[in-house]
Number of protein chains: 2
Amino acid sequence: MILKSQVEWALHCCAILAGLPQGRYLSTKALAELHGLPKEYLSKALQSLSQASLVETTLGPSGGYRLARPTSEINFLDIVEAVEGKSRTFTCSNIRANNPCRPKDFCDSKPCSVARVMWQADEAWRNTLKSVSLADLVETLSEDVPADIWKNTFEWVLQRAG
Amino acid sequence: MILKSQVEWALHCCAILAGLPQGRYLSTKALAELHGLPKEYLSKALQSLSQASLVETTLGPSGGYRLARPTSEINFLDIVEAVEGKSRTFTCSNIRANNPCRPKDFCDSKPCSVARVMWQADEAWRNTLKSVSLADLVETLSEDVPADIWKNTFEWVLQRAG
DNA sequence: CTTATTAAGGACAATATATATCCGCAAATG
DNA sequence: CATTTGCGGATATATATTGTCCTTAATAAG
């Protein structure tokens with residue numbers, strides 16, 4: 001079990017969008033070049049963000065993507081689920097029902113005990129992701145990334161945004 | 001991202017092994033028939049458990065698998081990691097290093113901020129799995145599964161264990 | 001000792017998913 | 001009008017998952 005690389009891409013792209021001046025759009029092309037990613041395929045990840053209403057888009061020159069909500073109102077889980085889907089990481093195929101000792105018409109009152117534990121772990125994972133917002137990420141990044149690199153990066157992308 | 005079906009299989013098999021009388025072995029064949037699973041492929045999952053030293057095996061008639069430790073000393077994480085491997089569910093390909101604004105010889109002091117959050121969530125998932133033992137599972141199962149079905153099931157598998 | 005049974009593991013095939021690439025369309029910009 | 005852009009469909013490739021088949025060596029039972 002491993003997350004798609006698109007999850008990593010989407011998170012980094014959102015981090016950049018989160019640091020953009022109000023209202024500015026950034027194109028797939030700029031985001032792909034900044035991160036050294038295949039433009040056409042990155043586009044699919046950005047489309048997922050768009051379908052999840054995490055970003056807004058506009059067409060034409062100087063078009064592209066911008067966040068649809070304040071950075072404090074978008075969290076990691078929003079982004080991960082936009083790309084990976086919302087379904088749980090553990091699927092119960094209810095193999096207990098194959099037990100030959102069960103009456104054929106027997107109906108379980110609860111979900112499988114094994115699944116309940118796996119789903120509880122899944123929720124713990126999601127809750128952690130939910131607890132970190134893009135605002136938190138930007139704050140951490142500005143501590144980690146040297147100020148001049150950070151500044152140059154935004155000048156670089158804004159130049160490509162026309 | 002989704003866990004292998006072998007994880008579900010391994011967990012259910014361990015639950016059965018956990019309820020077995022001391023010292024008794026159960027064969028792949030019996031476990032496969034009980035759960036309605038492909039014997040040859042289930043065998044791979046059981047081999048994973050064996051390689052992780054969670055179960056002991058013996059050959060020949062009346063051979064098979066039994067738990068290598070008391071049920072209180074085997075938890076969900078042990079089993080999940082035996083099948084899925086121990087590597088994290090999020091891999092950081094360090095795409096920040098592709099940023100053209102970074103000096104080429106620049107060396108990061110910390111892991112990527114994005115990865116740190118993802119790994120934190122991964123740990124929350126693992127901690128939950130670690131907190132539930134096979135003993136806990138057996139207890140839950142005996143509450144959920146009607147006593148007669150539970151009893152019949154063990155008579156059924158023990159009969160096939162010779 | 002002989003025979004049946006078993007786990008282990010290698011080779012292989014089938015299927016599903018992830019990772020791309022390419023193209024045409026419609027909307028926006030200037 | 002010409003260019004740029006997001007969007008979605010079609011298609012191709014690579015990798016992972018799921019499943020089968022076979023051989024080998026060890027073990028237990030008769």
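Taking atom CG of residue L42(B) and atom P of nucleotide dA7(C), one finds them 10 Å apart after rounding to whole Å. When the P atom of dA8(C) is taken as reference, atom CD of E56(B) falls 12 Å away, rounded to whole Å. As rounded to whole Å, 12 Å separates atom P of dT6(C) from atom CD of E40(B). Here dC22(D) presents its C1' atom at 12 Å from NZ of K39(B), a figure rounded to the nearest Å. Rounded to whole Å, the distance from CD on Q6(B) to P on dT20(D) is 12 Å. Atoms CD1 (I2(B)) and C1' (dT15(C)) sit 15 Å apart, rounded to a whole Å. Residue Y65(A) contributes atom OH, which lies 15 Å from atom C1' of dA28(C) at whole-angstrom precision. The interatomic distance linking L37(A) (CG) with dA18(C) (P) rounds to 18 Å, in whole Å.
Between T28(B) and the phosphate of dA7(C), there is a side-chain N or O to OP1/OP2 separation shorter than 4.0 Å. Phosphate contact (OP1/OP2 of dT19(C), side-chain N/O of S5(A), threshold under 4.0 Å): present. The side chain of Q51(A) places no N or O atom within less than 4.0 Å of a non-bridging phosphate oxygen (OP1 or OP2) of dC7(D). Applying the 4.0 Å criterion to OP1 and OP2 of dG9(C), one finds that Y41(B) has every side-chain N and O outside that range. Residue S62(B) places no side-chain N or O under 4.0 Å from the OP1 or OP2 atom of dT27(D).
Closest to the side chain of P38(A), out of dA20(C), dG19(D), dA4(C), is dA20(C). Closest to the side chain of Q47(B), from the set dA8(C), dC21(D), dA28(C), is dA8(C). The side chain of K29(B) lies closest to dT6(C), out of dT6(C), dA7(C), dC7(D). Nearest nucleotide to the T57(B) side chain, out of dA28(C), dA7(C), dG19(D): dA7(C). Here the side chain of L59(B) is nearest to one of dA4(C), dA25(D), dG6(D), namely dA25(D).
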Under the salt bridge (Lys or Arg N to Asp or Glu O under 4.0 Å) rule, what do D144(B) and K110(A) come out as? Steps first, then yes or no, please. CA-CA 8 Å; D144(B) 288 5; K110(A) 294 185 194 175; 3.4 Å; yes
Run the numbers on E84(B) and K4(B) for salt bridge (Lys or Arg N to Asp or Glu O under 4.0 Å), then give the verdict. CA-CA 7 Å; E84(B) 281 283 334; K4(B) 306 190 212 187; 5.2 Å; no
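Annotation for M118(B) and L11(A): closest pair SD-CD1, 3.8 Å, computed over non-hydrogen atoms. The heavy-atom pair separating T28(B) from L42(B) by the smallest distance is O-CD2, 4.0 Å. Nearest heavy-atom pair, V157(A) versus L26(A), reported as atom, atom and distance to 0.1 Å: O-CD1, 3.6 Å. Contact detail for E56(A) and A68(A): the closest heavy-atom pair is CG-CB, 3.7 Å.
One finds no salt bridge joining K86(A) and D78(A) here, because no Lys/Arg side-chain nitrogen approaches an Asp/Glu carboxylate oxygen to under 4.0 Å. Checked for salt-bridge contact, R102(B) and D148(A) miss the test: no charged N lies under 4.0 Å from a carboxylate O.
Counting non-hydrogen atoms under 4.0 angstrom, S50(A) reaches the backbone sugars and phosphates but no base. Among the protein residues, Y25(A) comes within range of no part of the nucleic acid, since none of its heavy atoms lies under 4.0 Å from any strand.
Contact of K44(A) with dG9(D) (side chain to base): a donor-acceptor pair of N or O atoms is detected under 3.5 Å.
Taken together, the paired segments of DNA chain C that extend over three or more consecutive Watson-Crick or G-U pairs, each closer than 3.5 Å at both contacts, are C:1-30 with D:1-30.
Each of G63(A) and K4(B) has a nearest nucleotide on DNA chain D; the 5'-most of these lies closest to G63(A).
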